[in-house]
Amino acid sequence: MRNLCIWMILLCSFGVLAQDFTLKGRVSDYHGEALIGATITVGNQAFMTDLKGRFQAKPLEKGTYQLVVSFLGYETLTQTVNLQADQELDLHLKASSTLLDQVVVSSQAKHSVQHVDKVSNQHLVDKFAGSLAKTLESVAGVNAMDIGAGASKPVIRGLGFNRVAVAENGAKQEGQQWGADHGLEIDAFSTEEVEVIKGVGAIEYGSDAIGGVIKINNEKVPQVHSFDGKALVYGKSVNDAIGASVQIKQRGERFFYKLKVTGQDYADYRVPIKQIDYLNTIIPIEGGRMKNTAGNNVALYGQIGYVDAKFKNILSISNVYDKSGFFPGAHGIPNIATVQDDGNHRNVELPNQSVNHFKLTNTATWEWNANQKLSVLLAFQNNKRQENSLFHSHFSNQTPPVNNPNLELEFVLNTFDAAVKYEHLFSNDHKVTVGLQQNYQNNTIGGYGFLLPKFNKMGVGAFGMYEYFVNERLTWEAGVRADYASIHVKPFYDGILYDYLIDKGQSVDIATNYAQRSVKQDRDFSSFNAMIGAKYDWSERVNIGATIGTNFRFPTAIELASNGVHHGAFRHEKGNPDLDPEKGIALDFRVTYETSTFSTTISPYAYYFTNYIFLKPSGTFSILPDSGQIYEYTQSKALITGFEWKAEQRLWDRLTIEGVFEFIYNKQVDNGKKGNYPLPFSTPANFFGQVSYTLEDWKVFKQPEVFVNGKWYAEQKRIAQGEEITPSSQSYGFGLSSTIQLGKVAAKTSLTATNIFDTKILNHMSFYRPLGIPELGRSIQLMIQIPF
């Protein structure tokens with residue numbers, strides 16, 4: 001018996017000694033985002049992470065192993081593993097500092113086949129140009145429609161306004177689309193990552209994504225047991241801007257929070273001209289400054305979150321306030337007296353505008369297992385916009401309002417969003433995503449002027465997408481979407497205007513027609529869309545992608561029912577209640593060639609619209625005072641085509657040469673006139689080039705870099721009705737940057753100069769272009785970032 005026990009003990013001991021253990025885990029970045037396709041070597045094994053960033057080695061014997069994890073764009077992680085039992089690791093890779101400043105083109109085979117350019121927060125901060133849209137101009141195909149020195153609207157491939165959807169944390173931003181003088185109320189410093197989706201974007205984002213999507217992700221989860229932050233200050237000479245931003249974030253085991261605050265104050269901006277000619281009146285530009293274009297803004301952002309292995313909930317709250325002046329010489333009738341220099345360039349006088357955008361979003365995500373994920377989004381937005389101007393009686397019998405008499409226009413838009421999305425990855429590399437979205441809007445108005453009526457709008461959409469990862473080189477994607485929306489416009493009758501017109505001798509019919517500023521409208525819209533695309537890695541260096549699909553956009557309330565003088569746009573705008581949903585088909589193709597030192601991408605595309613909506617001059621002048629010509633919303637077949645080309649060459653690991661070229665051709669196809677007019681605000685052909693050189697470290701200066709760049713715009717002589725030819729222009733800039741290491745403090749500092757020759761540059765897409773007002777003059781900007 002004793003011998004038997006001894007043999008059993010020995011057998012068990014040999015069994016234990018010979019036992020193999022399991023080594024598995026998950027690879028993600030410092031924010032918890034899974035890194036798909038990361039390479040892992042351990043012992044004599046080498047393998048890659050799956051679609052969830054997970055890995056598992058073949059059984060290993062007890063012992064010590066060297067684990068190496070590598071992924072493009074991240075620092076290689078080397079870790080010693082003492083394997084004494086089954087182990088599960090949670091590995092985080094740190095983004096490579098040499099690539100943080102670059103615009104990264106997403107091209108991993110397992111990712112979407114859509115045309116996506118990804119921009120890091122570091123790039124947005126380093127290249128900050130006064131607003132988010134202006135800063136994104138470094139992405140091929142993206143331009144900005146300037147509205148002074150502190151605000152701008154994004155334009156993708158010549159499409160802007162309601163044709164570009166901006167989504168933050170999954171909720172589509174509602175408020176900036178109404179007009180050319182409305183900027184994007186998002187703090188560029190607070191954005192953690194931006195994706196620009198070009199081509200077919202309507203399947204997941206619905207109406208308004210017809211030209212593309214700017215997808216902002218501010219829900220990156222901080223590293224476990226971490227606390228860090230960043231402070232930055234900056235100043236800009238062209239408008240004496242000063243700004244600061246502070247951001248902190250902390251995470252325990254499962255809970256985390258983020259706090260961000262940004263403030264900016266700026267004075268009247270400088271331009272390289274002495275006068276403009278507006279409505280046959282020479283208006284002086286005193287001291288080279290655009291009078292009353294000063295402003296200030298404050299952005300607050302807070303976030304709390306909970307995350308564990310299977311559940312994540314993130315609640316975000318933000319408030320962006322912006323106040324800025326209008327150039328008074330061109331607000332209504334030209335008035336030279338209003339542009340006289342008062343010695344104070346920082347005050348904001350009348351006329352001016354203020355916008356406050358409040359947003360609350362909550363995203364809950366359940367990951368039941370490696371193949372199933374459900375996310376629920378709830379969001380509320382309040383966009384309050386006011387335009388103020390000293391009360392001026394357009395009509396002899398109009399008296400100032402008792403309360404807030406200088407409030408000319410007010411719009412208050414409340415938006416409620418709810419969305420559910422379910423993703424299922426099947427074991428054979430098929431993935432299905434389905435979603436349901438609902439949206440409700442209520443808009444109220446105020447002020448003594450009139451442009452846009454009250455309205456309510458409700459929309460619902462359902463979509464499904466299918467992806468097939470055929471192999472490591474080929475991915476197919478297809479999707480369908482159905483939408484329904486109803487809009488109810490409230491009637492508005494202006495009795496004061498009627499009496500005024502009758503007193504002026506107008507007929508009852510004409511007076512009644514003008515006095516009925518808006519009529520009751522109840523419109524229902526529906527749309528069905530589909531897309532298909534593929535991405536193929538021809539070789540390690542060449543990959544190809546293409547998508548084709550339909551797009552749509554429901555008419556907005558301002559396109560259906562506006563009827564009034566838009567002093568900011570210098571015309572009488574009139575809606576069209578008979579507009580149908582804008583429909584189009586888009587084709588996007590791209591080829592990328594990439595080596596360790598060279599990369600280039602060319603992207604031809606085409607959009608065809610059966611009923612493109614735009615403002616068309618009617619040839620009839622309004623009888624309303626100070627109104628000018630009537631512009632009516634109309635529809636026409638339209639074609640937009642062109643291509644983008646980008647190339648970057650790195651030499652001797654220190655010299656980098658890069659260039660981006662863009663060409664756009666568009667036209668109305670059936671406006672009944674010979675030659676067919678181009679579309680308004682057409683982006684001219686343009687080229688951006690930059691040469692940068694990284695120097696050796698010197699004392700406290702680490703990774704110093706110098707660069708020179710230039711931007712060229714071709715003459716834009718293909719113009720829409722009512723526009724003027726914009727001449728060709730060139731501007732040049734230079735800069736230097738370095739991390740200054742003082743003890744444990746590493747301050748990243750940059751000094752940049754733009755338009756160094758103070759050249760008069762007219763931007764065909766500028767809000768002020770019709771007045772002959774050029775872009776900003778010479779500017780020098782200093783930015784200091786201190787992480788802690």
Side-chain angles (χ1 to χ4, degrees), residues 147-148 151 175-183 185 278-279 290-296 321-335 337-339 347-357 383-413 443-455 490 492-501 514-515 517-518 557-558 561-575 622-628 630-631 767-768 770-771:
I147 311 157
Q176 58 89 24
Q177 310 97 321
W178 288 348
D181 53 340
H182 297 194
E185 297 101 9
Y278 174 48
L279 296 180
M290 295 293 295
K291 177 68 183 294
N292 197 42
T293 56
N296 54 76
Y321 172 79
D322 182 89
K323 182 177 182 179
S324 59
F326 288 129
F327 178 61
H331 194 82
I333 297 177
N335 187 342
T338 60
V339 298
N347 57 343
V348 179
E349 301 175 318
L350 296 173
N352 62 54
Q353 62 179 346
S354 65
V355 185
N356 193 85
H357 194 98
N383 186 280
K384 182 177 182 180
R385 178 181 178 83
Q386 293 183 324
E387 295 184 6
N388 301 284
S389 182
L390 185 65
F391 178 79
H392 48 281
S393 177
H394 282 291
F395 321 123
S396 56
N397 52 349
Q398 187 172 8
T399 57
V402 176
N403 298 317
N404 207 356
N406 297 324
L407 178 62
E408 185 174 10
L409 292 170
E410 180 182 78
F411 307 113
V412 181
L413 178 68
N443 182 67
T444 59
I445 62 174
Y448 61 84
F450 182 85
L451 181 61
L452 173 70
K454 299 178 182 178
F455 69 86
K490 307 292 179 61
F492 183 84
Y493 183 80
D494 192 342
I496 298 175
L497 174 59
Y498 176 84
D499 294 339
Y500 168 81
L501 294 176
Y514 271 89
R517 291 296 190 96
S518 66
I558 201 166
S562 61
N563 187 11
V565 181
H566 191 174
H567 291 300
F570 327 112
R571 60 197 175 207
H572 181 159
E573 295 183 358
K574 195 170 183 179
S622 171
I623 64 174
L624 300 183
D626 309 337
S627 55
I630 296 176
Y631 279 68
F767 172 65
Y768 286 123
L771 306 180

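E387 contributes atom CD, which lies 8.0 Å from atom CG of L451 (distance to the nearest 0.5 angstrom). With rounding to the nearest 0.5 angstrom, the CD atom of E349 is 5.5 Å from the CG atom of N292.
Residues T293 and S324 have side chains not in contact (no heavy-atom distance under 4.5 Å, counting atoms from C-beta outward). Side chains of N356 and R385 form no contact here, defined as non-hydrogen atoms less than 4.5 Å apart. Contact of the Y448 side chain with the N404 side chain is not registered, since no non-hydrogen atoms from C-beta on lie closer than 4.5 Å.
Not counting sequence neighbours, the partners of K490 by the side-chain contact (heavy atoms from CB on, under 4.5 Å) test are K454, N456. S354 pairs by the side-chain contact (heavy atoms from CB on, under 4.5 Å) definition with Y321, K323, Q386, not counting sequence neighbours. Scored by the side-chain contact (heavy atoms from CB on, under 4.5 Å) test, L390 finds L350, N406 as partners (sequence neighbours excluded).
Side chain of S389 to backbone of P351: no donor-acceptor contact under 3.5 angstrom is found.
Residues L501 and I623 share a closest heavy-atom pair of CD2-CD1, 3.8 Å. When all heavy atoms of G564 and H572 are compared, the closest pair comes out as O-CD2, 3.3 Å. In terms of heavy-atom proximity, N563 sits nearest to Y514 at ND2-O, 4.4 Å.
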